[in-house]
Amino acid sequence: MVMVHYSSPLVTFVSTPRNQTQTQTQTQTRIQNQLSWVETLRSYARADDYTAALSTFISMCNAGVAPNHFAFPAALKAASGLRQLSVGQQLHASAVKHGYSHSMVAVGNTLVTMYARCGDLGGALRVFDKMDQRDQVSWNSLIAALCLYDEWGPALDALRIMLTECSEISSFTLVSILLACSNVAESVGLRLGKEVHAYGLRNGFFTNGKRFTNALISMYAKLGQIEDSISVFQCFENRDIVTWNSMISSLVKNEQYTHAIRTLYDIVQSTEIKPDEFTISSVLPACSQLDLLNTGREIHAHVLKNDNLFDNPFVASALVDMYCNLGRVEVGRFVFDQVPVQRHGLWNAMISGYAQNGLDEEALKLFVDMEVIAGLQPNETTMASVLPAFVKCDAFERKETIHGYVIKRGMEEDRFVQNALMDMYARVGKMDISRRIFYSMDAKDVVSWNTLIAGHVLSGTISEAFELLVEMQSDVNGLKPNIVTLITVLPPCGSLVALAKGKEIHGFSIRHGLNDDVAVGSALVDMYGKCGCLSLCRKVFDEMPKRNSVTWNVLIMAYGMHGHGEEAIKLFNEMISSKEAKPNEVTFIAVLAACSHSGMVHCGLSLFQEMKSKYGVKQTQDHFACMVDLLGRAGELNKSYDLISSMKPGPHMAGAWSSLLGACRIHKNVKLGSIAARHLFELEPDEASHYVLLSNIYAAAGQWREATEVRTLMRLNNVRKEPGCSWIESGNQIHRFMAGESSHPESSRIHSYLVNLWDKMKRNGYIPDVSSVLHDVEDEEKEKILCGHSEKLAIAFGLISKPPGTTIRVTKNLRVCNDCHETAKFLSKMERREIVLRDVRRFHHFRDGVCSCGDYW
DNA sequence: GTAGGGTTAG
């Protein structure tokens with residue numbers, strides 16, 4: 001027997017020496033004695049003082065008093081409570097020796113529960129099978145055991161058999177069944193749960209069973225029927241603290257955060273009920289969700305005033321979690337450092353707090369400390385929290401070694417860890433391994449799908465991402481795309497101008513009620529803007545129930561990119577006066593870029609000067625770079641140059657110099673252009689576009705020798721020009737065209753169409769701008785090269801394949817050349833087609849021979 | 001009978 005050390009008045013009582021000879025009185029005394037022992041043992045067990053109960057049992061045996069059929073269940077309950085399987089097994093053997101065990105229902109029942117609670121479900125099932133007799137409690141014990149191991153289906157099967165064997169049903173049965181109902185498929189669980197509810201109503205379980213009512217509240221909430229939970233709660237008057245806690249946690253589970261906080265206030269105002277550790281740890285997540293830092297602080301204060309609450313590990317980690325979720329990582333750390341009892345939950349809360357706030361190195365350090373200092377082995381939750389920090393932390397280079405660690409610790413089966421690993425492989429460019437993990441997973445959840453889709457978006461394999469989006473909806477588990485999915489797939493629709501796909505996703509968001517979400521709405525506004533559909537972009541924006549800074553920024557950006565500078569500034573002023581969202585640094589990037597694209601120099605200058613004083617947004621080097629662009633485009637090349645010279649060195653410098661270089665091409669300034677290019681060759685020697693621009697500038701000025709020199713330099717530096725590439729969506733497919741290439745299946749048809757079109761244009765007075773061609777060859781050859789430009793191929797394909805009257809939307813990876821710009825403008829009138837051409841910088845919207853940018857680009 | 005810490009996007 002395991003010895004349990006404790007001191008109690010009982011010890012003196014049991015160690016009193018006994019007489020060796022037995023008289024009748026002595027026998028009576030002995031029986032009396034046994035009764036007292038057992039009674040003491042049972043009262044300890046009833047009071048959940050398991051250590052005392054076991055100790056009593058041991059002393060009783062040592063005193064030569066045989067345990068009876070009341071003693072074993074009490075001792076077994078104590079062993080269960082202490083989760084001591086070996087003690088339970090010894091009790092089991094001892095009970096068999098004394099002739100109890102399975103023949104005695106009470107002992108058998110307690111054995112089932114003991115094995116289940118001590119981590120041995122198999123042992124529990126074996127005992128149940130061997131029992132000669134079973135009563136209602138036996139079945140309850142079995143069902144509860146199965147529920148404990150998440151064997152919900154078998155638990156319900158057991159109930160069906162039980163109903164054929166037992167006529168009586170107790171509140172214990174009902175509570176177990178309700179628990180099982182909450183964890184099976186919604187339709188099955190809800191149907192059965194409602195039957196149990198009705199049964200309880202008919203049989204008076206409401207009047208005598210708080211447990212039943214509390215379980216009902218939780219059951220409805222877990223199955224998403226929060227209205228039913230609330231009505232059960234409201235109809236029940238005999239509420240205790242568990243009832244209130246069940247209601248609060250149900251509300252939080254169903255995202256009814258405001259209601260949850262209100263319920264907490266109801267508790268506080270009532271005199272007889274006081275919030276306990278369950279209340280606190282249930283309600284704190286609601287504070288995070290609603291951004292209620294002050295409410296969180298009040299709760300924290302309440303915890304500090306009742307210091308027994310702070311000893312609860314759930315409360316402590318919920319506080320850490322709340323502060324970190326609200327961005328107060330340092331307060332979270334302060335609380336973390338105050339907690340005397342170090343448990344996994346607490347460490348994991350702090351590690352994920354660091355990781356989610358981008359403090360990767362702190363997260364990694366704590367991950368190490370957890371084992372080294374606290375002696376706690378990281379578990380699956382730790383791993384899933386820390387993996388993103390490993391992936392993002394530049395100081396940690398050999399990312400993949402972490403997979404070995406995961407396997408060594410036996411955590412590779414965990415879904416959250418697998419998802420995090422998939423993300424890691426996607427980010428290091430190993431989509432094959434990411435996919436392999438995905439297809440090896442038994443239970444893929446929405447996050448698994450989202451991670452794989454995001455991986456494909458990240459690695460530029462967009463068609464795979466779109467295919468997965470479709471495949472996902474036929475997943476056997478009935479998974480559906482969620483908000484994150486939509487936010488993942490909408491940006492590539494915008495960048496590829498895949499308008500039909502974008503509209504399809506928009507439709508999906510409406511059908512599934514996801515379009516009211518700010519992030520989804522903003523992504524839709526952005527997508528329509530990038531697809532060149534200003535009207536739909538505006539319509540989505542206007543219909544959104546809630547907008548934030550991002551929403552306004554993407555709308556302003558869209559108007560700016562389309563050359564509607566005045567409108568963009570008007571929207572900026574509306575944003576300020578609506579007070580719906582505050583302008584931030586990105587807002588000023590958007591308005592300054594808008595001014596730049598529309599040549600609104602004065603407006604841009606005054607906004608730039610006022611942004612700090614009037615709007616409280618600090619100027620960054622990126623804003624300076626916008627101003628360089630604005631001045632340069634407007635032809636104020638010297639001012640632009642002076643501004644660059646005043647800028648601090650940093651990664652934004654390349655952008656600034658390339659703005660100036662671009663401006664020099666527009667305004668044909670060879671001298672400044674070559675200065676800008678020289679800086680760029682140093683900063684980004686591998687970037688082909690710089691060489692091409694400078695070469696263009698020389699060529700346009702007729703300086704062919706210099707132009708050739710630049711091309712030679714490019715060769716010497718081993719820089720290869722990124723091939724021009726354009727996309728157009730047609731027939732629910734994205735078609736890609738590379739400059740001078742004929743890999744498209746319809747290539748020859750497009751080519752002959754383009755030759756005819758070119759002739760027709762020239763007959764109608766079009767003069768090709770051959771200055772865009774770098775090669776020093778005959779004009780006829782230059783025209784051939786011009787006709788091979790990818791955007792012309794894409795526009796030609798659009799004219800052939802898209803129904804008359806529809807808009808042609810093309811996007812290009814590089815800047816659109818002068819001749820393609822003029823061609824599109826000419827075609828928009830000659831072929832009576834609206835053409836929207838998007839390049840790396842902005843939109844060119846051609847209608848009836850006019851470009852929205854007014855040739856200012 | 002009631003409670004937590006995790007993965008995806010921005």
Has [X] got a side-chain N or O lying under 4.0 Å from the OP1 or OP2 atom of [N]?
| X | N | result |
| --- | --- | --- |
| A:K210 | B:dT2 | no |
| A:R427 | B:dT7 | no |
| A:Q356 | B:dT7 | yes |
| A:S352 | B:dG5 | no |

Just wondering, more than 12 heavy atoms not from A:D337 lying within 6.0 Å of its CG? yes
Mind checking [X] for me? I need base, sugar-phosphate or nothing, with any heavy atom below 4.0 Å counting as a touch.
| X | value |
| --- | --- |
| A:L346 | base |
| A:N482 | nothing |
| A:K253 | sugar-phosphate |
| A:V175 | sugar-phosphate |

Examine the base of [N] for any acceptor or donor lying under 3.5 Å from a partner atom in the side chain of [X], and report the outcome as yes or no.
| X | N | value |
| --- | --- | --- |
| A:N348 | B:dG4 | no |
| A:S317 | B:dG4 | yes |
| A:N450 | B:dA9 | no |

Which class fits the ring pair A:W552 and A:F541: parallel under 30°, tilted 30 to 60°, perpendicular over 60°? perpendicular
From A:S246, A:S250, A:S229, A:S182, residue fulfilling side chain to side chain contact (heavy atoms under 4.5 Å, CB included) relative to A:M219: A:S182
